Amino acid sequence: MYYGDFWTKLSSFYKWYVLGLVSIGYILGELGHYLIGTTSKVTADDLHYGDKACMMNSSLHLTLAQLPLACENVNSSKDGSRDGGVMGDMTLGLASHNTPDRILIQQLFSLSCESLTLNETHYCEWGYNGLGIDYQVLAGPAFMAVFTVVGVILGVVADKFNRARVLSICTIVFVIAIILMGSVTEYWHLVLLRMILAAGESGCNPLATGILTDLFPEHQRALVLSIFNWGIYGGYGIAFPVGRYIPELNAWGLSWRLCYYGAGVIGVFIAILTFFTLKEPERTTIGEEGAGKAGDVESGKKMPQVTIWHVIVQPRIVLLCIAASIRHCGGMCFAYNADLYYRDYFPDVDLGWWLFAVTVGIGSVGVVAGGIISDKFVDKLGIRSRVLVLALSQLVATLPAFGSVVFGPLWAMITLAISYFFAEMWFGIVFAVLVEIVPLSVRSTTVGVFLFVMNNVGGNLPILVDPVSKAIGYREAIMIFYAGFYGISSILFFLTMFLMDAPTETSQAEPEHKANGMDNQAYTHDETSKNTRTLPTPNADSSRL
């Protein structure tokens, strides 16, 4: 009796254990994904890819105010090699005018990076800066090309096979890829392994979303999915101190490679736990969807088969996907460029721990707050309230996002913290909305297709940062693709709200809906409106498969 009570109590915590396990796995996958952004400078210097530039020697611990001439104003090495960009554009623009500015620029071009000295000490160095089209391809398209395609495939697989087992295999795949990334010797090795990492990690979201949706009731859904999807920002935030400080230690002579080895070893442990302890939960149907099946049995009639095409062509899902894609682009642009941007503009200020605190600390609070607020509002105001929270949160985040790029180090971090709190509310709420407006039969497939579009747009658009930055400046390009896209997404989320169905009138049967699965009235209203007969009231037996 005692042991029976013990296991009963223990089993009640199982769903929270699953949430913790899949969230940690997602964090590790995203850490492997974003490490390239924080280690890119040392990785590029080792593997020789991307752009070269004149940079301040960080080992001298100087401030920008002490320098007679900033390193970035010189774009040639002592051997005469140059890096094109803003300096070249400035010279061309002044080619027809013998102005003091033109003379100054010509003098700067005559200097070499290694010739700049302070107290007879060379304070600049010429080398790979971690940027350039090679980096943007490595960070974005090389990863997203595989991530998006395999994600759709695994979404279909999740609707037909054991999701827990498939998720376990995916975890093993991306963990092995992370370990091997620490052993690469060529640029193309890194590209190939990032593709394998993407293939494994692509299954995390659609598979885990389906599992968590079946384990948790509606009133906890947005919070749970927000916690899980925080893995993106958790992995990204942890990448700042890991990618900045571990390579500097150069432990065992491994430099940046130790970052991948360490993350991979922890990942092996999580992969083992996922494989042996994660079980497939019972798949839950949604209130009226289950009632429809019961009614069909009684009447001897069959409802029309719902396909993925019927779901994804709905205007509300199309607009939701466009809005999410634009918002995702803003987030990915900052994620891929934040460390490099702050290193470039504030080379004398170490912001690694600040960025970690903001992204992990403030971001975590924002993620949880978004889930709680969304769950509270949806009980009273319906599905539209979730989308309203999305629109307002991104609108509030936009202005301080601009500040995080425009201001100096201190105010940049303060405004980034404010922006991050509101901005990170979005991801879990988006998927809470999505799973509430699609039927069970194509739930994971829809999530996979949604991620395919969102990641193709949001994950690949940041590649434009490189050509735009060379045309108008790096800071200006970040402002457009990061803060600007926050603002555009808030407008699109607001428009999406008007395409959502109005809140359904409450009834005596409503508590039974919510107790036994996901209340998906927003979707089933579309289906049942095509039928002239009235569906019977669902009961506890007909709300599950």
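What you see is a predicted model; the values in this text were computed from it and never measured.
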For residues [X] and [Y], determine if any side-chain heavy atom of one lies less than 4.5 Å from a side-chain heavy atom of the other.
X: L138; Y: R194; answer: yes
X: V268; Y: I176; answer: no
X: V318; Y: V313; answer: no
X: C204; Y: V22; answer: no
X: L392; Y: F422; answer: no
X: L28; Y: T171; answer: no
X: V406; Y: M479; answer: yes
X: I312; Y: V453; answer: no

Full working for side chain to side chain contact (heavy atoms under 4.5 Å, CB included) between V387 and V433: CA-CA 8 Å; V387 188; V433 171; 4.2 Å; yes
Search all heavy atoms of [X] against all heavy atoms of [Y] and return the closest pair with its distance.
X: C333; Y: F481; answer: SG-CB, 3.6 Å
X: D214; Y: P281; answer: CB-CG, 4.1 Å
X: R316; Y: I437; answer: NH2-O, 4.0 Å
X: M425; Y: S393; answer: SD-CB, 3.7 Å
X: V146; Y: A198; answer: CB-CB, 4.1 Å
X: V405; Y: R475; answer: O-NE, 3.2 Å

Rounded distance (nearest 0.5 Å) linking atom [atom1] of [X] with atom [atom2] of [Y]:
X: L154; Y: F161; atom1: CG; atom2: CZ; answer: 11.5 Å
X: I172; Y: T274; atom1: CD1; atom2: OG1; answer: 8.5 Å
X: N162; Y: L167; atom1: CG; atom2: CG; answer: 10.0 Å
X: M500; Y: L388; atom1: CE; atom2: CG; answer: 12.0 Å
X: Y336; Y: T38; atom1: OH; atom2: OG1; answer: 12.5 Å
X: M181; Y: L192; atom1: CE; atom2: CG; answer: 10.5 Å

Take atom OH in Y17; do more than 12 heavy atoms of anything else shown fall under 6.0 Å from it? yes
Can you label the angle between the F498 ring and the F494 ring as parallel, tilted or perpendicular, going by 30° and 60°? perpendicular
Kindly assign one of parallel, tilted or perpendicular to the pair F493 and W426, based on the angle between their ring planes and the thresholds 30° and 60°. tilted
As a quick check of understanding, evaluate side chain to side chain contact (heavy atoms under 4.5 Å, CB included) for M332 and L461, giving each step before the final call. CA-CA 9 Å; M332 295 298 280; L461 269 182; over 6 Å; no
Backbone N/O of [Y] and side chain of [X]: donor-acceptor pair under 3.5 Å:
X: S469; Y: A477; answer: no
X: Y341; Y: I478; answer: no
X: R386; Y: V430; answer: no
X: T277; Y: L273; answer: yes
X: R165; Y: F275; answer: yes
X: Y482; Y: A338; answer: no
X: T415; Y: S404; answer: yes
X: R163; Y: G210; answer: yes

Pick from F240, F334, Y236, Y260: which one makes a ring-ring contact (aromatic ring centres under 6.0 Å, His included) with Y34? Y236
Quick one: do L416 and L355 satisfy side chain to side chain contact (heavy atoms under 4.5 Å, CB included)? Show the steps, please. CA-CA 9 Å; L416 179 63; L355 290 168; 3.8 Å; yes
Set of residues satisfying side-chain hydrogen bond (donor to acceptor under 3.5 Å, both in side chains) with respect to N460, sequence neighbours excluded: N456
Could you walk me through whether F452 and S202 pass side chain to side chain contact (heavy atoms under 4.5 Å, CB included), step by step? CA-CA 9 Å; F452 173 83; S202 65; over 6 Å; no
Give the C-alpha distance, both sets of side-chain angles, the deciding distance and a yes or no for ring pair (Phe, Tyr, Trp, His ring centres under 6.0 Å) between F143 and F147. CA-CA 6 Å; F143 183 91; F147 184 86; 5.3 Å; yes
Taking atom types as modelled and ignoring hydrogens, do the side chains of Y135 and D466 form a donor-acceptor contact shorter than 3.5 angstrom? no
Listing, residues 394-403 side-chain donor-acceptor contacts under 3.5 Å, not counting sequence neighbours, or none:
unit_1: Q394; atom_1: OE1; unit_2: R327; atom_2: NE; d: 2.6
unit_1: Q394; atom_1: NE2; unit_2: A423; atom_2: O; d: 3.1
unit_1: T398; atom_1: OG1; unit_2: Q394; atom_2: O; d: 2.8
unit_1: T398; atom_1: OG1; unit_2: G487; atom_2: N; d: 3.2

